Amino acid sequence: MTLQRVVIVGGGHGGFQMAASLRADGFAGEILLVSDEPGLPYQRPPLSKAFLKHGDAARLDLRPSKFFDDNTISLMPQTRVTGIDPDGKHITTGDGKTIGYDHLVLATGSRNARPPIANLDLRNVLSLRNLADASELRTRLSAARHVLVVGGGFIGMEFAAVAPGLGVNATVIEGAERLMSRAVSDTMSAHFLMSHQGWGTSVRLGQFVSELLDDGAGNVAGARLADGTDIAGDIVLIAAGVVPNSELAAEAGLAVSDGIDVDDLLCTSDPNISALGDCCNFPDPLSGRRVRLESVQAATDHARTISKRLTGKPVPYAAVPWFWSDQGDLKLQIAGLGAGADEHVAHKPEKGGLAVLSFSSGRLVSVETVDSASTHMTARKLLASGRIVSKPELAAVNYNLVDYARAV
Amino acid sequence: MPRLTFVSPDGNETTVEASTGDSVMQAALAGNVDGIVAECGGAMMCATCHVYVADDWAPKTGTPSDGERAMLDFAASEVKPTSRLSCQIAITDELDGLTVHLPDAQI
Ligand SMILES: Cc1cc2nc3c(=O)[nH]c(=O)nc-3n(C[C@H](O)[C@H](O)[C@H](O)COP(=O)(O)OP(=O)(O)OC[C@H]3O[C@@H](n4cnc5c(N)ncnc54)[C@H](O)[C@@H]3O)c2cc1C
Ligand code: FES
């Protein structure tokens, strides 16, 4: 049966790519892109980086409105999807409308986690997920002197790196013993810790915030740590991880664990519904483990895989994960997944650069680099080739991936 | 406003008005030019904004940095001496009239 209408819930990176890929792959039916945010689909990564400096929202648009007209992609902004009826094949929106679909794609992303801290409702306790959050943060920063960042992950550290340039001091409070601990190796955490301290950011590792302090007028005045220490601050940025937006799927009876469960074709437990990006967990092609990733790459490559399937050319998902994070003058790039690694080797590939190669049972599974684009791109290519790159082979070339790739 | 022309592999030309300070990649997306993907939004991470600068313009657009060169090595289409990542070319008044050619593929 040919599909007449594909409805996409969520107009972020993955939702946009879904619509664009369907047209590029020749889908001629109706495409409806439903998002609860206003305006055109836009880029999220700059929100914690360049946007805080320039504040120009128009520069974030993924494509101009003409693109959506030319490709007959119907946008429904400011429309929240509140329910899915998988048997009737329709969705319900916040304003009570029902919209039928032949295929539904859930691209609802994730939202910021609310850690168990008292007084999170005080004024000037902010988070950073969408354009509205970033605009508000930017406005409030102009009157602020000291920002407390709760959480030393990518978003918290990217913000901390731009803070001095915006005239504010930042203190990062992280529960783990190192920065970005979920995603990078010890060596890389240490490298970034040193750099951030050099830029003037104060970092408190292994510390938990137990409550936020009230200035007496409902504004936040600081944070109290679990050990009783108080730290003053006039803005608190909560950057303590995200939660997948999988409730719609769960309520509709789809299989959900850490996010919506999908197979290697990004199909949910209902054959008429796919899911992609931050809101889904999928089998990692290299390790077979189920993973949920928060990256532009995963969202867009998932979309491409779904598009191929819906246009009659199904190919299992096989993309190598890659990710970047710009912090100060450091460009961190990650290829592959280091989560299952049992061995890490640090190596200096070129002047000023750093690479950490991670192995699982002696096989190369991930490469983290700072300021070494050639190592990063070589890693992506090697990991994509499916070739088993072993530790002894790399040791023989002093862990220089570029040299290794040249020789094979 | 500087005007830029993008030439697709089949010879189709699109001319857009660009703002100085933006990158050539940003001008292409804002002008709805087909053939630039720009997956990373200009972070020099994806090499999907590859263009060939027209020969007579190459001296004015400058030369790629080492990092850009390294990314270009992994572009999906053939890399030529005039290859650039369009997100790394900043538009100035001097570039009014710039012509760039688009590669066969970005991914
Ligand atoms: C500040 C910040 C910086 C980042 N930096 C980087 C980076 O440098 N590199 C990188 O690779 N990744 C980065 N990321 C992560 C990346 O942006 C995400 O992984 C990516 O956007 C995921 O795409 P998605 O389509 O799954 O979800 P999103 O892009 O989050 O889009 C989901 C959309 O769905 C909407 N939605 C949710 N529920 C509903 C509903 N019920 N009805 C209608 N609409 C709904 C949401 O409002 C949102 O607009 C960053 C993220 C943030 C927040
Ligand atoms: S837009 Fe990604 S490298 Fe230019």
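A, B, ... follow the sequence lines: proteins, then strands. Residue 1 opens every chain. Since the model is a prediction, treat every value here as computed from it, not as a measurement.
Between B:Phe74 and A:Arg380 there is no side-chain heavy-atom pair separated by less than 4.5 Å.
Within residues 319-327 of chain A, the residues having any heavy atom less than 4.5 Å from a heavy atom of chain B are, in residue-number order, A:Trp322, A:Phe323, A:Trp324, A:Asp326. Contact residues of residues 10-30 of chain B toward chain A are B:Asp22, B:Gln26, B:Leu29, B:Ala30 (heavy-atom distance under 4.5 Å). Inspection of non-hydrogen atoms places no residue of residues 398-408 of chain A under 4.5 Å from chain B.
Heavy atoms of A:Asp371 lying under 4.5 Å from chain B are absent altogether. Contact of B:Ile36 with chain A is made through the backbone alone, with heavy-atom distances under 4.5 Å. Interface residue A:Lys66: backbone and side-chain heavy atoms are both found under 4.5 Å from chain B. Of the two parts of A:Lys49, neither the backbone nor the side chain holds a non-hydrogen atom closer than 4.5 Å to a non-hydrogen atom of chain B. For a residue to count as touching a neighbouring chain, one of its non-hydrogen atoms must lie under 4.5 Å from one of that chain's; by this rule A:His13 does not touch chain B. Residue A:Thr378 touches chain B through both its backbone and its side chain, counting heavy-atom pairs closer than 4.5 Å. For A:Leu60, no part lies near chain B; criterion is any non-hydrogen pair under 4.5 Å.
In terms of heavy-atom proximity, A:Gln333 sits nearest to B:Met44 at NE2-O, 4.2 Å. Across all non-hydrogen atoms, the minimal contact from A:Arg63 to B:Val37 is NH2-O, 3.4 Å. Across all non-hydrogen atoms, the minimal contact from A:Gln43 to B:Gly41 is OE1-CA, 3.2 Å.
The distance from atom CE of B:Met45 to atom CE of A:Met377, rounded to the nearest 0.5 Å, is 7.5 Å. The CZ atom of B:Arg69 lies 12.5 Å from the OG atom of A:Ser374; values are rounded to the nearest 0.5 Å. Here B:Asp34 contributes atom CG and A:Phe67 contributes atom CZ; the two are 7.5 Å apart, rounded to the nearest 0.5 Å.
Ranked by heavy-atom pairs under 4.5 Å with chain A, the first of B:Gly31, B:Ala38, B:Gly67, B:Cys40 is B:Cys40. Interface remark: of the candidates A:Ala50, A:Ala373, A:Pro64, A:Pro64 forms the most heavy-atom pairs closer than 4.5 Å to chain B. Ranked by non-hydrogen atom pairs under 4.5 Å with chain A, the options B:Ala43, B:Ala70, B:Gly42 are led by B:Ala43.
By the side chain to side chain contact (heavy atoms under 4.5 Å, CB included) test, B:Asp96 pairs with B:Pro2, B:Arg3, sequence neighbours left out.
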